[in-house]
Amino acid sequence: MEKYVEPFKIKVVEPIKVIGPEARQKAIARSGYNLFKLHAEEIYIDLLTDSGTSAMSDNQWAGIMMGDESYAGGRNYFHFEETVHDIFGFQNVIPCHQGRVAENLLFQTIAAPGLVIPNNSHFDTTRANVEMNGAEAVDLLCAEGQDPHLVASFKGNMDVDALEKLIADVGVDKIPAVMMTITNNSGGGQPVSMANIRAVGEICHRHGLPLIFDAARFAENAWFIHQREPGYRDKSILEIVQEMFSYGDGCTMSAKKDGLVNMGGFLALRDDALSERIRNLLILVEGFPTYGGLAGRDLEAMARGFREVLEPDYLRFRVGQVEMLGEQLVEAGVSILEPPGGHAIYLNAGEFLPHIPPQEFPGQSLAVNLYVESGIRGVEIGTFMFGGADPKTGENRTARLELVRLAIPRRVYTNMHMNFVAQSIIALHEKRDTLRGMKILKQPPFLRHFSATLSFLGEEAASRTQA
Ligand code: F0G
């Protein structure tokens, strides 16, 4: 019970106006049944993402007032640099405004056609930045991570045998870096064990390859190691984090997650020469190396966020709140990716709505119905997001799993909000047979989930006139 109690008091509130099911039905019809097109004010509980949606602490807001907005050499940069250096251990700290910029700077510099970047699972923006520079992004997720029902401690691990094999097959010259995403967002927010990080680090260094972490949810990963991996119970979270990064050569960071800020990120590297090249590029696209596309006050809020996110009380509640939502759903017979990861619950829409085939988008139907019934916004991660025509064959592709991600913002919603989310999903589950499939009316050539319009099957004409 204790682990679920909020370790904060609320000092500032943001009222939510609840608009009711009829108004939501109108709003989603106007949005072409695409949840990205809603106005945020039409949503009661927004679980679209845990990125940039955190509530900052009084200490971070106080830091905002201490912003030094000098163009070069502002004091907040030095506090930020010292904090990142202490926690992550890399001496070159390059600020930027969000994680994908760190990826862009890195891969513009090290990726090229013919090269291969292995990762446990690339996040979408990481993959896109690798591919945009002509390299191949290869996912090497362990076998446990592929089974949605298997309850295992570290389903985010990399398959180390597959990594060895890839290195032997393509050769070290073709691999500019190995990446590890901790926690593994695309794999369901599942953690990576210290043993796996150590093993991957050992392989990389034996072959002279740099290991770069995607550290977006590094503190949540460390908490899972603290809780689940033998030998780490008596270590502090800071010690665990320091050990994790000691096996690598750098990291990209979206501080919009475990930096507890609304905007910010960085790239940190051991390699001085590579860092110098990237800093020159940074000046071109983000700004001078002591602000990198951010205000001085943002750097201060990040520096303070990186300390707060290591607090055991914070992490116990954070991971506990996600777990509690998962437990309520599993108890009621709702199928989710198990066990719950660090930042989100993934509803298994394929099993929730077995009567809706993948090409009729069960995940999108579930997400839209959840919004209309209860005002909750999640996001489909399935055939609507990843389907579309195969560029080679022209055939419509089907995703491996049909999921709806409910990502929990940090320190934003109370447990009562989460109970409401659980009850709403359970109520929908009870009438799941009445939910219908969907079809796409209009879609762009790429990344269709952001802007396509849809309708429920059997309602095409009605939704066209409403839209
Ligand atoms: N890496 C991971 C593992 C991420 O989850 C994200 C963002 C990024 C990199 C990119 O960072 O948004 O700051 O540019 N994930 C968000 C999400 C968008 O909803 O999962 P960014």
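Start at 1 and go down the list; that is how both ligands and their atoms are numbered.
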For the rings on Tyr33 and Tyr371, is their centre-to-centre separation under 6.0 Å? no

Is the centre of the Phe213 ring less than 6.0 Å from the centre of the Phe245 ring? yes

Let me see the working for His97 and Glu286 under side-chain hydrogen bond (donor to acceptor under 3.5 Å, both in side chains), right down to the final yes or no. CA-CA 8 Å; His97 84 269; Glu286 285 277 270; 2.9 Å; yes

Using atom types as modelled and distance alone, determine if a side-chain donor or acceptor of Asp139 lies under 3.5 Å from a backbone N or O of Leu141. no

If you measure every N/O of [X] against every N/O of ligand 1, is any gap under 3.5 Å?
{"X": "Thr125", "value": "no"}
{"X": "Gln98", "value": "yes"}
{"X": "Thr183", "value": "no"}
{"X": "Thr126", "value": "no"}
{"X": "Gly99", "value": "yes"}

If hydrogens are left out, which of Asn185, Asp124, Asn119 has an atom nearest to atom 20 (O) of ligand 1, that is, the closest non-hydrogen atom? Asn185

Residue pair Arg316 / Asp313: nearest heavy atoms and the distance that separates them: NH1-OD1, 2.8 Å

Between Pro409 and Ala407, what is the shortest heavy-atom contact and its length? CD-O, 3.3 Å

Do Asn76 and Asp68 get their side chains close enough for a donor-acceptor pair, meaning under 3.5 Å? no

Less than 3.5 Å apart, any donor N or O on the side chain of Thr383 or Glu402 sitting next to an acceptor on the other? yes

In ligand 1, the atoms that come under 4.0 Å of a heavy atom of Arg217 are 3 (C), 4 (C), 5 (O), 20 (O)

Residue portion contacting ligand 1 (non-hydrogen atoms closer than 4.0 Å) for [X]:
{"X": "Lys256", "value": "side chain"}
{"X": "Thr181", "value": "side chain"}
{"X": "Met179", "value": "neither"}

For ligand 1, is His343 a contact, meaning one of its heavy atoms is under 4.0 Å away? no

